Amino acid sequence: MNETREYDGIRLEKLREHVWEIPQEGGMNAPARVLASEPLLEQIADDRTLQQLKNATHLPGIAKYAVCMPDGHQGYGFPVGGVGATDATDGCISPGAVGYDINCGVRMVRTDLTYDDLEGREEELVDSLFANVPSGLGGGGVVEGDVGTVESVLDRGMDWALEHDYATRDDLAHCEDEGQRTDSRPEFVSQKAKDRGKNQLGSLGSGNHFLEVQRVTDVFDDEVAEAFGLVEEQIVVLIHCGSRGLGHQVCSDYLRRIEREHGDLLDRLPDKELAAAPAGSRLAEEYYGAMCAAINFAWVNRQLITHRTRRVFERVFGEDWEDLGMELLYDVAHNIAKREVHDVNGEDRELFVHRKGATRAFPAGRPEVPRAYRDVGQPVIIPGSMGSGSYVLVGGERSLSETFGSTAHGAGRTMSRTQAKQEFWGETVRDELRDQNAIYVKAQSGATVAEEAPGVYKDVDEVVRVSDELGIGDKVVRTYPVCNIKG
DNA sequence: ATGTGC
């Protein structure tokens, strides 16, 4: 008899170390799995995550099992840190299982600088980044486009940035999907969404989005770190943001349309927030096209911020960005759905893989991995809090059989934003990080710093340990923050 | 996450 746990009437069986299963019963179309150590499972069970995960298995055509990553927490309808793969022919697609911030994601830009080159100049660098990279709620971006510009960005993604000299060919090669979803259908993105996007091209936004200068403190795998161009004491830049108001509007628009046009399917699901469009329906095709367009918008957003960041480093360090070695290491999406073919019980099936707060983690050999990394596997970038630093992993051998080629995406919150503001005060958090940890934070709003205080996050080391031990994403390097700007 | 509500 397996070890079991029960939380609010939801029973989990321990299959092996870090793998817990909610057995299939009632209206579930598959079992569910939670990938977590015991302390992380306790945190996951603390909110509605397990119930939401169980609800997700009610989605039509869900394959194998729904998965909750070690950093999972409750989200809109479907857990953040959730992976759900549904049959692309007779299953469904669910905006709630992608998330409001379509292609919220993260990229790492490497440099040839070391911490020694930067120490003592943190204030200058953080001030210059803050002054030049638009952040905060509302409008103002690197590019002030019109609706035509937005449509071009939606259609072509990073290819648009290449044509307008905001990107190099190498930048495109180092993005998931090469920074372009060719299934994009801008005509299915509402005018309202495009209007929201036109003055947000190249802007961080607010909440947990940030730009962080970091130093590499630990190398766990010399061979893979070398393939990624990473060494100890090296300075790197992490950019974490998404598709801003445009992606948010796409999600809202389609949730409302699903409610109106597919109420029958909605009535059979345990939670209205799981709203899904049946695969093959007109609405499913339109949502998929619009979501791919928003994905393209987010890649261009991160690229425009990269462009500005390179300019800032050129001014501060007095060399061209090429001479500073500021190449894009990789850009990964954390909130997407994608048609992918996976083995399900010995049969190759085309699925909509929904990764909501989860990272693709393909191992060596997969054709989707950029040529430069194909012999080692794709880089996986996992941001922690502004006090803890982050990790670069490499896609693990077991990810394809265990998690539809996915792993975790971050540390995950442990308390609400409201609670965080009661526990912390922004200016105090900022001063302590500077005085005790030599971390320089500059934000539009003190409230945001309180909401994002290191103390509101799970232990990123523990999340990564579980990923590594499961073999779905393996540790390569760890970084520590130097400068952080945010909304 | 988000022109921080329907």
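Predicted, not measured: the structure shown is a model, and the values here were computed from it.
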Table please: side-chain donor-acceptor pairs of residues 65-84 of chain A below 3.5 Å, with sequence neighbours left out.
unit_1: A/Tyr65; atom_1: OH; unit_2: A/Glu402; atom_2: O; d: 2.8
unit_1: A/Asp71; atom_1: OD2; unit_2: A/His409; atom_2: N; d: 3.0
unit_1: A/Asp71; atom_1: OD2; unit_2: A/His409; atom_2: ND1; d: 2.6
unit_1: A/Asp71; atom_1: OD2; unit_2: A/Gly410; atom_2: N; d: 2.9
unit_1: A/Gln74; atom_1: OE1; unit_2: A/Arg48; atom_2: N; d: 2.9

Touch check for [X], heavy atoms < 4.0 angstrom, all strands: base, sugar-phosphate only, or nothing?
X	answer
A/Gly207	sugar-phosphate
A/Ser206	sugar-phosphate
A/Glu451	nothing
A/Lys192	base

Side chains of residues 261-268 of chain A: which donor-acceptor partners sit under 3.5 Å, not counting sequence neighbours?
unit_1: A/Glu261; atom_1: OE2; unit_2: A/Arg257; atom_2: NE; d: 3.1
unit_1: A/Asp267; atom_1: OD1; unit_2: A/Lys272; atom_2: NZ; d: 3.2

Without decimals, in angstroms, what is the distance between [X] [atom1] and [N] [atom2]?
X	N	atom1	atom2	result
A/Glu452	B/dT2	CD	C1'	14 Å
A/Asp253	B/dT2	CG	P	16 Å
A/Tyr254	B/dT2	OH	P	21 Å
A/Gln444	B/dT2	CD	P	13 Å
A/Tyr76	B/dG5	OH	C1'	13 Å
A/Tyr100	B/dT2	OH	P	13 Å
A/Leu204	B/dT2	CG	P	10 Å
A/Asn103	B/dT2	CG	P	13 Å

Salt bridge or not for A/Asp47 and A/Arg413, using N-O below 4.0 Å?
-> no

Got a sec, which residues hit side-chain contact (heavy atoms from CB on, under 4.5 Å) with A/Ser467, two or more places apart in sequence or on another chain?
->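 Expected list: A/Leu393, A/Thr407, A/Ile472.
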
Report the residues that fulfil salt bridge (charged side-chain N to carboxylate O under 4.0 Å, His left out) with A/Asp8, sequence neighbours left out, ordered by chain and then residue number.
->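 Counting only residues at least two positions away or on another chain, A/Asp8 forms no salt bridge (charged side-chain N to carboxylate O under 4.0 Å, His left out).
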
side-chain hydrogen bond (donor to acceptor under 3.5 Å, both in side chains) contacts touching residues 477-486 of chain A (sequence neighbours left out) = A/Glu212-A/Asn484, A/Gln214-A/Thr479, A/Tyr391-A/Arg478, A/Asn437-A/Tyr480, A/Asp461-A/Arg478

Residues in residues 44-59 of chain A with a heavy atom under 4.0 Å of DNA chain B, by number, are none

Is it the case that A/Thr448 and A/Ser445 place a side-chain donor and acceptor less than 3.5 Å from each other?
->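 Per modelled atom types, A/Thr448 and A/Ser445 side chains form a pair under 3.5 Å.
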
